[in-house]
Structure formats: structure tokens, C-alpha cells
Amino acid sequence: MAVSLIVFAMAAKPSFAQKKADPVKSLRVYLFDCGMIKGLNPSEYQLKKEDMKSTDMVVPCYLIVHPKGTLMWDVGVIPDSAFKGDAPVSQSHGSVTLSSPKPLLPQLAALGYPPEDITYVAFSHYHSDHTANANAFAGSTWLVHAAEREAMFTVKPEQQSAYDRLKNSKTVLLPNTDYDVFGDGTVIVKSAPGHTPGHQVLALKLPKTGPVLIAGDLWHYPGERSVNQAPKSEANREQTMASRAAMEAFLKQSGAQLWIEHDPDTFNRLKKAPDYNQ
Ligand SMILES: [Zn+2]
């Protein structure tokens with residue numbers, strides 16, 4: 001019965017169907033260059049410009065591929081709809097410039113992972129530099145903390161436009177403890193609130209790289225790890241400091257590498273799609 005259903009499904013597909021990725025044998029992470037944020041004021045993060053190599057932030061998007069399914073983690077600062085042809089996009093908002101070299105979805109499709117095939121979608125948090133393409137993943141199962149979801153649909157409607165289709169997505173409201181996405185301990189969503197009410201980070205156990213913590217905006221710059229103050233405009237600064245302490249303890253205990261998402265040095269040393277980290 002199962003076999004005949006599969007044959008039927010294959011026959012029903014048009015002959016120009018996109019390439020589909022083969023199942024993987026072990027965990028891997030694809031990083032996509034989803035752009036840059038320039039012109040930021042480091043005092044917002046309790047840092048001084050003269051102490052920093054650069055105030056530029058990189059914006060990666062991540063596709064986690066597990067033998068049992070896929071998880072899209074953070075989906076960019078510029079929506080694919082802003083691109084015209086092959087030209088990069090740059091947008092100025094006062095002194096801050098947002099840019100992206102190329103759209104995300106064609107890169108996923110080229111790897112054999114069109115958005116409709118992605119099992120889970122999750123964001124470190126709902127800010128616009130992490131959710132630009134969120135609506136493309138409305139068919140995936142959304143992993144989100146209740147407090148984050150509530151905040152997302154309480155802000156002004158125009159701020160919801162990047163993710164409003166998720167309102168009706170199949171959703172798992174996460175506990176304030178660890179959530180084991182594929183049930184084998186290799187992909188864990190960890191609660192780390194403060195930056196936003198339901199901010200979360202992602203702990204991976206990669207077969208070659210070892211343990212990794214993809215830290216969302218718990219820190220924006222490496223220098224913040226030695227500053228004993230939260231950024232100025234957190235949803236809850238005390239919570240941020242408690243989450244930072246908990247994740248520093250996790251890093252120490254697990255020996256995990258810290259991948260600060262916006263840190264160009266981290267991004268530059270990792271393999272980028274179509275290559276992957278394993
Ligand atoms: Zn951010």
C-alpha cells in the first residue's frame with residue numbers, strides 16, 4: 001500500500017518538478033548570507049566604537065537538516081519580494097543601512113529544500129532582521145514560545161506583515177525548558193527570554209564540529225560577553241542578564257562553540273551554502 005502511494009505521488013508530479021534533496025544520514029547546518037546591517041550605534045549595546053573592530057552586523061539564515069526532517073532558523077532582514085532580478089538590495093533607514101546580496105528561497109530550492117518541504121520553522125525572535133521571509137514558511141510547523149507569539153500579534157499590524165500568515169500555521173507552543181525538536185538530543189531549542197518576551201536559542205550536536213549554540217540576539221557582538229549590562233532597549237533587561245548567565249553556564253558545561261548570529265568573524269569562518277557544516 002505504502003509503495004503504491006509513493007509511486008502514485010511520483011507519477012502525479014509534473015516532469016519539471018524541482019530537485020528534491022536526498023535524506024541525510026547525519027545532522028548538518030547550511031548557512032546563508034542573508035545580508036548586513038550597517039551604521040548601528042554600539043552604545044545601544046553598552047559598547048564603545050573605539051573598542052570594536054567594526055560595528056557592522058551580518059545576518060545569517062540557517063537550515064538545519066536532520067535525518068528525520070528540517071528546521072529553518074531565522075529568515076533574513078530583506079524579504080525576497082524586494083529583489084528585482086539579480087541585483088543586491090540596499091535600504092536606508094536613517095543612519096542604518098540594511099542590505100542583502102541575494103534572495104533566500106531560490107538558494108533553498110537549489111539545494112532541494114523548497115519552503116513547502118521544510119518541516120519546522122523557528123526564529124530566535126520576531127524582530128524584522130530575523131523574520132523577513134517568515135510567511136514563506138507558513139506551511140511548516142512553527143516552534144515558538146507563547147509569550148513571543150503573543151507579543152508578535154500585539155504589535156501594530158504593519159509590523160506583522162512579514163509573519164502574519166503564521167497565525168494559522170500548525171504551531172507548537174514551547175515550554176520554558178529545553179525542547180528536543182527531533183527527539184534524539186541533537187537539535188534543542190532553549191528558552192532565553194529578555195531581548196524579546198520569548199527569545200530562544202538553538203543548541204546543536206554536530207557529528208564533526210561538536211556542540212554548537214546558535215545564540216540569536218542574546219549577544220549581538222562578542223564584546224558584550226564581558227559587559228555586565230544588558231543592551232538599552234531589551235523587552236526585559238533583567239531577564240536578558242539571567243538568560244546570558246544560564247547560557248554562559250551551558251557553554252561551559254557542554255563545551256559548545258558559541259555562534260553569535262550577527263558576528264561577522266563567526267560567520268566568515270563557517271562554511272556557507274551550498275557547502276554545509278557538519
Ligand atoms: Zn538581530
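Counting starts at 1 for both ligands and their atoms, following the listed order.
Geometrically, K272 does not engage F32 in a cation-pi contact defined by less than 6.0 Å to the ring centre and at most 45° from the axis. Annotation: cation-pi pair K271/Y276 absent, no NZ/CZ under 6.0 Å from the ring centroid and within 45° of its normal.
A salt bridge does not link K68 with D184: every distance from a Lys NZ or Arg NE/NH1/NH2 to an Asp or Glu carboxylate oxygen is 4.0 Å or more.
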Task: CA sep, side-chain torsions, deciding dist, call: D86, K102, salt bridge (charged side-chain N to carboxylate O under 4.0 Å, His left out) - done: CA-CA 7 Å; D86 291 334; K102 49 188 168 180; over 6 Å; no

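In summary, no N, O or S atom of H125 is located under 2.8 Å from the Zn ion (ligand 1). Among the backbone and side-chain atoms of H262, an N/O/S atom is found under 2.8 Å from the Zn ion (ligand 1). For a distance bound of 2.8 Å, the N, O or S atoms of E261 include none lying that close to the Zn ion (ligand 1).
Sorting the N, O or S atoms of D129 by how far they are from the Zn ion (ligand 1) puts OD2 first. Of all the N, O or S atoms in D217, the one closest to the Zn ion (ligand 1) is OD2.
A ring-centre distance under 6.0 Å is found for H130 and H262.
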